[in-house]
2 protein chains.
Amino acid sequence: MAQTRNKFDFEDLLDKHHLKKTSPRLRVLSMMASKSTATSQPDLESVMNDIDRVTLYRILNAFEEKGIIHKVFDLNGTANYAMCSSNCEEHHHHDEHLHFNCTMCKNVYCLDDLHLPPVTLPEGFTTQGFTLYANGTCPKCTKKAAATAKV
Amino acid sequence: MAQTRNKFDFEDLLDKHHLKKTSPRLRVLSMMASKSTATSQPDLESVMNDIDRVTLYRILNAFEEKGIIHKVFDLNGTANYAMCSSNCEEHHHHDEHLHFNCTMCKNVYCLDDLHLPPVTLPEGFTTQGFTLYANGTCPKCTKKAAATAKV
DNA sequence: ATTCAATTGCAATATTATTGCATTTAAAAT
DNA sequence: ATTTTAAATGCAATAATATTGCAATTGAAT
Ligand SMILES: [Mn+2]
Ligand SMILES: [Mn+2]
Ligand SMILES: [Zn+2]
Ligand SMILES: [Zn+2]
């Protein structure tokens with residue numbers, strides 16, 4: 001379940017990062033925060049069809065740089081964006097959680113509380129960060145499939 | 001180090017998958033097999049600039065479907081392709097190894113022998129496969145950086 | 001109220017990917 | 001060895017995704 005945030009939270013968030021409180025930005029924030037899954041670039045674009053596509057790209061890039069959102073590529077290489085729940089800083093993300101990509105509904109879930117087990121890399125490789133991806137069926141789609149099978 | 005394969009291996013490989021042994025396909029195979037890292041679509045295209053870009057896309061898709069190569073997206077969302085070392089079957093890959101993306105040289109390494117630790121998903125999620133990504137500095141770039149620092 | 005830098009919108013361009021169709025070619029059939 | 005055929009390629013057109021430059025607009029500071 002996504003954290004419920006109000007208008008003022010978003011305004012504070014933009015203030016904190018020295019970003020001007022504009023209508024496009026506030027709308028993008030409230031859309032992304034209202035969902036429990038990541039938002040794909042195409043989705044964002046079709047929902048916010050009155051905002052220029054270039055503006056959307058620039059908003060997403062700015063938010064990502066500031067550590068407000070993070071980008072995830074799904075199994076098809078489509079860019080998806082989700083709020084950073086943890087304490088991501090400017091140019092320094094900490095989103096080392098599991099990204100679950102449902103092959104039925106295509107949704108990308110950020111499973112935040114799933115900590116990654118430690119991995120030892122071969123000699124010579126030094127790592128800055130990890131991301132674990134999984135694909136399969138999400139709870140909603142599992143239920144849906146079960147219901148259809150019954151009939 | 002990539003396994004050295006000769007022309008006959010590639011012809012056998014194509015035969016095995018009921019794919020015609022054509023010049024473009026053999027060239028793509030030998031290029032990919034000669035490298036220890038994955039090959040990006042742009043790289044492939046610039047090296048094989050005499051092969052039509054559509055043909056390249058179709059070759060890559062065919063190889064992926066047959067389980068000859070697998071696709072990896074790097075940190076920038078660019079498609080990269082690498083030989084399947086394990087026993088991948090048609091429409092059923094088993095490439096659950098670590099993908100290391102060097103932030104300096106942008107190369108993607110398939111670290112095959114690195115087994116993923118088991119992860120337990122939250123209730124309701126059923127998984128078909130995992131992929132672990134890491135980013136950081138590869139051995140070559142680490143050495144290069146050390147050499148530059150000395151001077 | 002005025003000023004100014006940040007942000008947006010628009011036009012042009014670049015990059016990556018897909019589709020339809022005519023031509024070519026590897027492999028099978030004769 | 002020739003003919004036949006399905007598979008594969010190349011080309012043209014189009015779609016989808018992303019970036020850049022610049023003029024107009026607007027939020028926030030003065
Ligand atoms: Mn996430
Ligand atoms: Mn791999
Ligand atoms: Zn689903
Ligand atoms: Zn490197």
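Every chain is numbered from 1, with letters handed out A, B, ... down the list of sequences. Predicted model only: the values in this text are computed from it and were never measured.
- Atom pair B:F73:CZ and D:dA18:P shows a separation of 11 Å (rounding to whole Å applied).
- For A:L60 and C:dT7, the CG to C1' distance is 15 Å, given to the nearest whole Å.
- Here B:E45 pairs with B:R53 in a salt bridge; the nearest charged N to carboxylate O distance falls below 4.0 Å.
- Between A:K106 and A:D74 no salt bridge is recorded (no basic side-chain N to carboxylate O distance below 4.0 Å).
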Identify the pairs formed between an N or O of the protein and an N or O of nucleotides 21-28 of chain C at a distance under 3.5 Å, and give each distance.
residue	atom	partner	partner atom	Å
C:dT25	O2	B:K20	NZ	3.4
C:dA26	N3	B:K20	NZ	3.4
C:dA27	OP1	B:K21	N	3.1

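- One interatomic measurement links the two molecules: CD1 of B:I59 to P of C:dT18, which rounds to 15 Å at whole-angstrom precision.
- For the pair A:N61 CG and C:dT7 P, the computed distance is 13 Å after rounding to whole Å.
- B:N76 places its CG atom 11 Å from the P atom of C:dT16, with the value rounded to the nearest Å.
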Could you run down the sub-3.5 Å N/O contacts of the protein with nucleotides 11-13 of chain C?
none

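- Backbone-only contact: A:Q41 has heavy atoms under 4.0 Å from sugar-phosphate atoms and none from a base.
- Closest contact between the side chain of B:T55 and the listed nucleotides C:dT18, D:dG10, D:dT19 involves D:dG10.
- In summary, B:R58 and B:D52 do not engage in a salt bridge, as defined by a charged side-chain N under 4.0 Å from a carboxylate O.
- The 5' end of DNA chain C is approached more closely, in terms of each residue's nearest nucleotide, by A:D50 than by the other of B:P42 and A:D50.
- Side chain of B:R25 to backbone of B:L14: no donor-acceptor contact under 3.5 angstrom is found.
- Put simply, CZ on A:R53 is 16 Å from P on C:dT15, counting in whole angstrom units.
- For the pair B:L29/B:D9, no side-chain contact is recorded, criterion being any heavy-atom separation below 4.5 Å from C-beta on.
- Applying the 6.0 Å contact sphere to CE of A:M104 captures no more than 12 heavy atoms from other residues, nucleotides or ligands.
- The line from CG of A:N76 to OG1 of A:T103 is 10.5 Å long, rounded to the nearest 0.5 Å.
- Summarising the geometry of A:Y81 relative to A:Q41, their closest heavy-atom pair is CE1-CB, 4.4 Å, with the distance given to 0.1 Å.
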*In sequence, state the C-alpha distance, the side-chain angles, and the governing distance for A:Y133 and B:F130, and then conclude on ring pair (Phe, Tyr, Trp, His ring centres under 6.0 Å).*
CA-CA 6 Å; A:Y133 281 82; B:F130 289 97; over 10 Å; no
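- A straight line from CG of A:D43 to P of D:dA16 spans 14 Å, rounded to a whole angstrom.
- Phosphate contact (OP1/OP2 of C:dT7, side-chain N/O of A:R25, threshold under 4.0 Å): present.
- Spacing between atom CD of B:E45 and atom P of C:dA17 amounts to 9 Å, rounded to whole angstrom units.
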